[in-house]
Protein chains: 2
Amino acid sequence: MTDQDVRRRARGRPVATSHAEIEQAAFELFGERGFERTTLDAIAERVGVGRRTLFRYYQSKNDIPWGQFDQTLAGFRKLLAAQPHEIPLHDAVHRAVVDFNRFPDNARPSHRDRMRLILTTPELRAHSVHQYAAWRAAIAEYVARRTNARPSDLVPRLIGQVSLALALTAYEVWLDDESADLPGVLDEGMSNLVRYLCPT
Amino acid sequence: MTDQDVRRRARGRPVATSHAEIEQAAFELFGERGFERTTLDAIAERVGVGRRTLFRYYQSKNDIPWGQFDQTLAGFRKLLAAQPHEIPLHDAVHRAVVDFNRFPDNARPSHRDRMRLILTTPELRAHSVHQYAAWRAAIAEYVARRTNARPSDLVPRLIGQVSLALALTAYEVWLDDESADLPGVLDEGMSNLVRYLCPT
DNA sequence: ACAGTAATGGCACTCGTGGCGATAAAGCCA
DNA sequence: TGGCTTTATCGCCACGAGTGCCATTACTGT
C-alpha cells in the first residue's frame, strides 16, 4: 500500500517520510486549526521534514487531502473495464460508480473525514475540479469505447458530467446524514433522476 | 448597466474606473500573455489605477473574467420564477437554462471569449466552482419551491447538479465547434440524456 | 574508502491577498 | 471662499503558497 513497502530500496539517499505519514500529520493539524489556517511550515515541522520536501510528495497543499488519487483512479478505470458488455450502458456506469464508492472503513484518515474536509472547505471544493476531471475522463473514455465515439463527443462527456453530478449530490447528502450509506444514496439519486427526466 | 452610469454621483471622491474598464484591460492582457502570466500589477497599470484598488472591484484576480456575475445570476432567478407552473418540472428548468444562455452578441468581451478563457484556464475552471454553486442554488431553490421540499434535499440538489453538468458539457462542445449554437447543443444534450437514462 | 545515485532541505524570489492608515477629490453648507 | 463630511484611492507592510537552484546528505555497490 504505502510506497515505502513497495519501493525496493533504490540506490540513493533513503526517503525521509511517506505519503501516509504526511497525510496523518496534515489531517491532525487540519482538525486542530482548520485547513486554511494550517501552513505548510506547520505540516513540515510536525512531519519532521523540510517544507520543500512536501512538494516532492504532493504538488500542492490542496492535493494533500486527496492522497494518492492517481491510484484510486486507476482502480476506478479497472472497475469500469470489468463491467459486462451485455448490460445497458447506464447500468454499467452506475454499477462501477457505486462499486467505486464502497470504501473499507479502516483507512486512516477515514474516507468520511477526507470527503468532509474536501467538501466543506471552499478552497478544496474548487481545487477538486482537477480530480473530478480525471474521474470524468475515465467515464468518458469508457462510454466512448462502448458507443464507438470519441471521448470528446457530446454523449461521453455528458455522461461523465452527469455521473459526477450524481456522485457529488450523493456525497453531500451522505455527509449530512450520519446514518446514510453511500451506495444507497447513489441508488436513490439515480432512481430520482430517472423519475425526473423520463416521461411517465 | 455599468455602475458609473447608474450610480448617481455620491458625495465623496469619484470613482477612478469601472468594472467594464477593468475587464477590457484585463482581457487585453490575458489575450497577450495568458491569464496566469498576467499580474495584477500589469492590469492595474494598464487601467491606470493602484493595484490595491482592483480589489475593491473584484474579490480576486479569478473573479475578473466572470464580471459581475451576481447580476447575471439575479436574471437567472427571474427566468426560473417566470416559468409557468403548468409545465413539468424538468421542462421548466430546461427552458430557464436555455433562455439563460441566449446571450446578445454585442458584449465586449464577448460571452464566447469569456467562457473560453474560463474553461481553458485550469485555475479559472477551479475557481468557477463558486459561481456554479450559486447557480445551482438558484435551481435547487426553484425545485424545492415546486416540489415542496427543502433546497438541501436530495432531489433539488440533484437537479441543480445535473443541470450544471448538462450546461458545462454543452459549453465545452460549443467552444469546440465554431458553428454550433449554444441553445441547440443544450437541447441536444438534454435529449441524449433522456435517451441514455430512460428505459425504452 | 570511493564513486555513483537519489532524496533532502535551505535560500531567494514571485505573486496573490489582506490589514491599516493616510490622502485625495468631490459635495454641502455657511 | 473656506471648512466639514463623505467616499474612493493608494501606498506600505506582512504572510503564505509555490518554484528554481544548488549544496548536502545518506545510502548502495565496487
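So that the names make sense, note that chain A is the first sequence line, chain B the second, and so on, each numbered from 1.
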Seminar exercise, completed: From CD1 of B:I22 across to P of D:dA8 the rounded distance in Å is 13 Å
Problem set entry | Residues A:D91 and A:Q83: side-chain donor-acceptor under 3.5 angstrom | no
Exercise. Between the side chains of A:E23 and A:Y57, does any donor sit under 3.5 Å from an acceptor?
Worked result: no
Exercise. Got a sec? Which of residues 37-46 of chain A come in under 4.0 Å of DNA chain D, heavy atoms?
Worked result: A:T38, A:T39, A:L40
For this session: Measure the spacing between CD1 of B:I118 and CZ of B:R114 and express it to the nearest 0.5 Å.
Result: 7.0 Å
Exercise. So, do A:L40 and A:F55 sit near enough that their side-chain heavy atoms are less than 4.5 Å apart?
Worked result: yes
For this session: Would you indicate, yes or no, if D:dA17 has its OP1 or OP2 atom less than 4.0 angstrom from a side-chain nitrogen or oxygen of A:S60?
Result: no
Seminar exercise, completed: Of A:R13 and B:K61, the one whose closest nucleotide on DNA chain C sits nearer the 5' end is A:R13
Problem set entry | Length of the OH-P vector between B:Y58 and D:dT9, whole Å | 13 Å
Problem set entry | Atom-to-atom span, CG of A:L29 to C1' of D:dA17 - whole angstrom | 16 Å
For this session: Would you indicate whether B:Q59, at its atom CD, is surrounded by more than 12 heavy atoms from other residues, nucleotides or ligands within a distance under 6.0 Å?
Result: no
Contact list (N/O, under 3.5 angstrom) for nucleotides 19-23 of chain D vs protein:
from	atom 1	to	atom 2	distance (Å)
D:dG20	N7	A:R52	NH2	2.8
D:dG20	O6	A:R52	NE	2.5

Problem set entry | Donor-acceptor pair between B:Y132 and B:R136 side chains, under 3.5 angstrom | no
For this session: Would you tell me if any nitrogen or oxygen in the side chain of B:Y57 comes within less than 4.0 Å of OP1 or OP2 on D:dA8?
Result: no
Exercise. Which part of the nucleic acid, if any, lies within reach of A:G12 when heavy atoms closer than 4.0 Å are counted: base, sugar-phosphate only, or nothing?
Worked result: base
For this session: Mind telling me whether B:W135 and B:F76 have parallel, tilted or perpendicular rings, with 30° and 60° as the class edges?
Result: parallel
For this session: Decide if atom CZ of B:R102 counts as having more than 12 heavy atoms of other residues, nucleotides or ligands within a radius under 6.0 Å.
Result: yes
